[in-house]
Amino acid sequence: MISSSRFHGYKLGHFQKDLVAGLVVGIVAIPLAMAFAIASGVRPEYGLYTSIIAGIMVSLFGGSKYQIAGPTGAFVPVLLGVVIQFGYEKLLIAGFLAGIMIFLMGVFKLGRYIKFIPRPVTIGFTAGIAVIIFSGQIANFLGLRDLEREEAFLLNMREIALNLNTVNIYSVFVAIISLAIVLLSPRFLPKIPGALLALVISTLAAVLFFPNQVATIGSTYGAIPNELPNFAFPEITGSLVIELLPAALVIAMLGGIESLLSALVADGMTKGKHNSNKELIGQGLANMVAPLFGGIPATGAIARTATNIKNGAASPLSGVIHGVVVLLVLVILAPYASAIPLASMAPILMFVAWNMSERKEFANILKTKTMDSLVLVVTFLLTVFMDLTTGVGIGLLLALLAFVGRMSSTVKVSKVLPDPTDKIVKPEMVLEGSNCPQINIYTVEGPLFFGSTERLEEELESIARSKPRILLLRMSKVSFIDTSGEALLANIVKQFKASHQQVIISGIQQQPKELFEKTGLYELIGKEHIFTRTGHAIDKALSHLDVDRCKGCKQFSFNECTALSQQASKPAVFKQKRKQEPGLI
């Protein structure tokens, strides 16, 4: 399971780099893990448990060399909703089920498909999640009391508005101190994690200047234990699985997307390449094991992964070291963490939300004023005002409809005939009034699938009414056909055969050919009526001409259509004549 290739050529110098990177990322992860846990409606130590277990397991079993896993902001609204509706114990079961799903995604090699989720959808729900996280910390920033935790955004805003009279000025001072340090530390102290510095200084300020005046982790949640919880396998029943399945599906989908996005960011920073399916297997294992020790769902953390790379990480060992650092801090310093004010953590999460909001990308997509803009806005609004599941579901549906609409417009069907001067088939010949009542030649361009067959279907209906003796379809520019497109072609072939007419195809590509062979359409058309080049297909078409219907239109560059038909009825003479007339394109 653990890939030795990721440690190929590993030396002592690499270990020193991993040690530094792991130490820095571990320190960065501690305040974020607790903050995300609190924002998700659970005790802060559960975030630390998640960072330890998921961080180590994803580094060992995942498919990215530099991935750092743990609690993330993307999960906050989803986990909070599960906790409010079902409680913490059932959240663990939902996380375990999600881990199984993510693991199976990797086993069945679905990693590459998860990455195909349209950009407007991912930007929309990410920005929506950022709004929810930011707004969810307003109460802690202001030190408001007696609020009812609500899952819905508007209800939360209503609670804040109704309780504005409980603002704690001391909490506001502590929050401002923390916010100032978070904003200024990257400029003046770039080597020290801003979140950690903000927590330490704002906590000291609260203890020294406002003792017992602000809500802390200890006063709200009790003391943080300085040990890992005991192993406990959840009691799972069939009815419980059915009850939690929707939540587990959302967690699994979001976990898969976020982990692969984070791995892609790591690839871009290191010029490396991750294994998507193996990454999902690692994430799945981590999310199956973490709940057994009280951990909440985890995924790849983009900011922590980037920090890992920037601090010189050389292998997955840095992620393991990061988990060990969090464990040591939990064991040694847990009692001190109880003094951290909730107001100190609020600006940290607000800053995370601001950074994850993708505001520039959001604005760029809006500027396009295309269907992508609509997908973006709908996904964003539904994520904020309803829930993530609805936002992503409707966003994907709109994106699919937009894609089908765009692809259907790329399909072109044009009637063509050979130009006697250069023997190249052109639509201009038809537009100029040329016609052959016996042979209809059409060029088809673009993918033929369920959303794009309408244009060809309309043309085929018109062709069927004109009753040509031969229909020649030039399909060299049709790279893909699905079963809907195949069924349409099969239907017209059957109609033509029933009327003693013939369909000939030229230039068929590999995918359509393989599909035709599997469905039996290749045999129905007949191997002798499928050609690589149009010129050869026209040769075959001419051999089917009805001499009595030829009117001498000279359409195919011979002296007379009557003569041509006579040649077609005499194969030896016809073959010699075609040698003198180069093949049509």
Side-chain angles (χ1 to χ4, degrees), residues 400-401 403-418 424-427 429-430 435-546 556 583-585:
L400 175 62
L401 293 175
F403 172 77
V404 170
R406 283 194 291 262
M407 292 304 293
S408 64
S409 65
T410 64
V411 174
K412 297 179 181 178
V413 182
S414 53
K415 188 175 182 179
V416 296
L417 280 170
I424 296 177
V425 291
K426 301 174 182 176
M429 298 302 299
V430 177
N435 186 38
C436 175
Q438 297 199 59
I439 302 176
N440 281 5
I441 306 176
Y442 281 83
T443 298
V444 185
E445 301 178 54
L448 284 177
F449 65 106
F450 66 94
S452 68
T453 57
E454 184 179 5
R455 175 73 182 89
L456 179 59
E457 188 172 11
E458 291 173 354
E459 201 65 51
L460 289 177
E461 289 175 357
S462 174
I463 294 166
R465 286 193 297 269
S466 65
K467 297 188 181 300
R469 191 174 185 84
I470 302 295
L471 171 62
L472 197 166
L473 296 176
R474 303 175 69 237
M475 301 183 66
S476 62
K477 295 183 179 179
V478 179
S479 58
F480 172 80
I481 298 179
D482 72 353
T483 53
S484 296
E486 183 274 341
L488 176 63
L489 292 174
N491 189 42
I492 196 68
V493 170
K494 290 173 183 176
Q495 287 183 34
F496 267 57
K497 279 184 172 290
S499 302
H500 305 289
Q501 300 162 282
Q502 188 61 57
V503 175
I504 297 176
I505 293 179
S506 71
I508 186 171
Q509 293 198 35
Q510 188 63 30
Q511 187 274 335
K513 181 181 178 182
E514 290 177 356
L515 180 65
F516 290 177
E517 288 174 343
K518 290 176 181 177
T519 61
L521 180 55
Y522 194 90
E523 184 179 349
L524 181 65
I525 297 170
K527 183 178 180 181
E528 69 278 10
H529 293 119
I530 298 177
F531 298 88
T532 303
R533 292 179 58 83
T534 299
H536 300 149
I538 290 178
D539 286 352
K540 184 68 175 179
L542 292 175
S543 70
H544 286 285
L545 282 177
D546 182 352
F556 292 94
L584 295 152
I585 298 176

- Query: Hey, does Lys497 have a side-chain heavy atom less than 4.5 Å from the side chain of Leu524?
  - Reply: yes
- Item | Rounded distance (nearest 0.5 Å) linking atom CD of Glu517 with atom NZ of Lys527 | 9.5 Å
- Message: Please find the pair of heavy atoms, one from Thr534 and one from Ser506, that lie closest to each other, and give the distance.
- Response: OG1-OG, 3.4 Å
- Considering residues, nucleotides and ligands other than Glu458, do more than 12 of their heavy atoms fall under 6.0 Å from its CD? yes
- Message: For Tyr442 and Leu456: C-alpha separation, side-chain torsions, deciding distance, then whether side-chain contact (heavy atoms from CB on, under 4.5 Å) applies.
- Response: CA-CA 10 Å; Tyr442 281 83; Leu456 179 59; over 6 Å; no
- pair Leu488-Leu448: side-chain heavy atoms closer than 4.5 Å: no
- Validation row: His536, Lys540 side chains within 4.5 angstrom (heavy atoms): no
- Message: With a 3.5 Å distance limit and no angle check, can you tell me whether Glu459 reaches the backbone of Ser414 through a side-chain donor-acceptor pair?
- Response: no
- Query: How far apart are the closest heavy atoms of Gly485 and Thr453, and which atoms are they?
  - Reply: CA-CG2, 3.8 Å
- Glu528 atom CD, neighbour heavy-atom count above 12 within 6.0 Å: yes
- Query: Looking at Arg474, Lys412, Lys415, which hits side-chain hydrogen bond (donor to acceptor under 3.5 Å, both in side chains) with Thr443?
  - Reply: Arg474
- To the nearest 0.5 Å, what is the distance between CZ (Phe516) and CD (Glu486)? 6.5 Å
- Message: Are the side chains of Phe496 and Gln502 in contact, using a 4.5 Å heavy-atom criterion?
- Response: no
- With side chains defined as the heavy atoms from C-beta onward, is the minimum distance between Ser479 and Gln511 less than 4.5 Å? no
- Task: Mind listing the closest non-hydrogen atom pair of Leu521 and Ala490 along with its distance?
- Result: CD1-CA, 3.6 Å
- Message: Using every non-hydrogen atom in the two residues, find where Gly446 and Val411 come nearest and quote the distance to one decimal.
- Response: C-CG2, 4.3 Å
- Task: Might you point out which heavy atoms bring Phe449 and Asp482 nearest each other, and give the distance in Å?
- Result: CA-OD1, 3.0 Å
- Message: Using modelled atom types and a 3.5 Å cut-off, is there a donor and acceptor pairing between side-chain atoms of Gln501 and backbone atoms of Arg469?
- Response: no
- Message: With rounding to the nearest 0.5 angstrom, report the CG to CG distance, Leu460 to Asn440.
- Response: 10.5 Å
- Message: Between Ile441 and Ile538, is there a side-chain heavy-atom distance shorter than 4.5 Å?
- Response: yes
- To the nearest 0.5 Å, atom CZ of Phe531 lies from atom CG of Leu472 at 8.5 Å
- One should read off an interatomic distance between Ile508 CD1 and Leu515 CG, to the nearest 0.5 angstrom, of 9.0 Å
- Closest approach of Leu489 and Leu473, non-hydrogen atoms and distance? CD2-CD1, 3.9 Å
- Note on the structure: d(Ile505 CD1, Leu471 CG) to nearest 0.5 Å is 8.5 Å
